[in-house]
Amino acid sequence: MPAAPEPEILAAFEAAKGFMPTGEGLALYGAAVEAGRLGLPLLEVGTYCGRSTILLAGAARAAGVAALTVDHHRGSEEQQPGWEYHDPATVDPELGLMDTLPTFRRTLRRAGLEDHVIALVGRSPQVARVWSSPLGLVFVDGGHTDEHANADYEGWAPRVAEGGLLVIHDVFPDPVDEFTGQAPYRVYLRALASGAFTEVSATDSLRVLRRTGAGI
């Protein structure tokens with residue numbers, strides 16, 4: 001049976017601002033627990049307000065490893081004003097720009113997980129260029145354009161250790177979902193075609209792959 005988060009971790013996840021459904025969250029947590037056994041950090045690309053970060057941090061705490069989360073906190077394409085996933089509460093009233101960092105910090109504080117998360121504030125490709133250590137898990141949940149999804153994959157998939165897990169969110173094979181999930185779907189196909197990753201599980205739009213070969 002897959003590992004389940006502690007009740008307070010699950011409650012904090014469900015109370016946090018964000019978009020990940022509980023079923024996918026439980027699958028992510030199970031993957032994080034498994035990857036944590038490698039004794040390496042667990043990294044997330046795309047923090048938003050910290051909903052999924054809570055699950056990674058809970059698993060990281062149990063394994064005695066660090067949870068890392070990368071985001072510029074200015075929002076992805078679909079979260080900008082005028083788009084479906086825009087939340088006016090995340091806009092900095094002085095600058096008029098999205099800033100999800102304060103909400104993220106409150107989320108971690110309320111969950112009691114501040115000491116188990118390292119927030120890397122910056123654009124994913126820039127952070128990836130200065131990161132060289134192996135990772136037990138990389139969770140790709142950033143921008144949904146081909147440019148951003150491929151940059152996240154190219155920047156972070158090489159850091160997944162042998163036997164580690166690559167988790168991709170918002171994988172939607174149906175072309176009707178071009179804006180919301182076709183780019184992650186193409187990255188998922190790219191990972192499988194590389195021969196470096198083998199699929200472990202699929203839970204709705206969440207795919208878990210294991211590194212079983214070299215390259216990306």
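Everything quoted here is computed from the prediction, not taken from an experiment.
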In Å, rounded to the nearest 0.5 Å, how long is the span from [atom1] of [X] to [atom2] of [Y]?
X: L108; Y: T103; atom1: CG; atom2: OG1; result: 11.5 Å
X: D152; Y: H144; atom1: CG; atom2: NE2; result: 10.0 Å
X: T69; Y: L42; atom1: OG1; atom2: CG; result: 11.5 Å
X: L101; Y: R106; atom1: CG; atom2: CZ; result: 9.5 Å
X: F139; Y: H169; atom1: CZ; atom2: NE2; result: 5.5 Å
X: S194; Y: L189; atom1: OG; atom2: CG; result: 11.0 Å

Carboxylate-amine/guanidinium proximity below 4.0 Å for E114 and R109: yes
On a heavy-atom basis, which atom in [X] and which in [Y] lie closest, and how many Å separate them?
X: L40; Y: A161; answer: CD1-CB, 3.5 Å
X: A151; Y: P125; answer: CB-CG, 3.9 Å
X: L206; Y: E24; answer: CD2-O, 3.5 Å
X: A35; Y: L165; answer: CB-CD1, 4.2 Å
X: W156; Y: S124; answer: NE1-OG, 3.0 Å
X: D174; Y: Q182; answer: O-NE2, 3.3 Å

In this structure, would [X] and [Y] fall into the same cluster of hydrophobic residues linked by side-chain contacts under 4.5 Å?
X: I54; Y: M20; result: yes
X: F197; Y: V208; result: no
X: V33; Y: L26; result: yes
X: L120; Y: L56; result: no
X: Y185; Y: I168; result: yes

Pairs involving residues 2-15, ordered by first then second residue, that meet side chain to side chain donor-acceptor pair (under 3.5 Å) (sequence neighbours left out): E6-R61, E14-T22
For E154, the option from R129, R159, R190 that meets salt bridge (charged side-chain N to carboxylate O under 4.0 Å, His left out): R190
Any side-chain donor near an acceptor of the partner, T198 and T212, under 3.5 Å: yes
Does any part of the side chain of [Y], heavy atoms only, come nearer than 4.5 Å to the side chain of [X], both counted from C-beta?
X: V121; Y: H72; value: no
X: Y48; Y: H73; value: no
X: L209; Y: V167; value: no
X: V65; Y: P41; value: no
X: S52; Y: L28; value: yes
X: V160; Y: L137; value: no
X: T100; Y: T47; value: no

R74 side-chain N/O to D71 backbone N/O, donor-acceptor pair under 3.5 Å: no
R211 side chain to G213 backbone, donor-acceptor under 3.5 Å: yes
Pair Y29 and F13, ring centroids less than 6.0 Å apart: no
Audit row: L113, I9, side chain to side chain contact (heavy atoms under 4.5 Å, CB included) steps and yes/no: CA-CA 9 Å; L113 293 168; I9 293 292; 3.9 Å; yes
V127: which of V45, L43, V70 passes side-chain contact (heavy atoms from CB on, under 4.5 Å): V70
Step-by-step side chain to side chain contact (heavy atoms under 4.5 Å, CB included) determination, R210 to E162: CA-CA 8 Å; R210 188 187 313 280; E162 177 66 26; over 6 Å; no
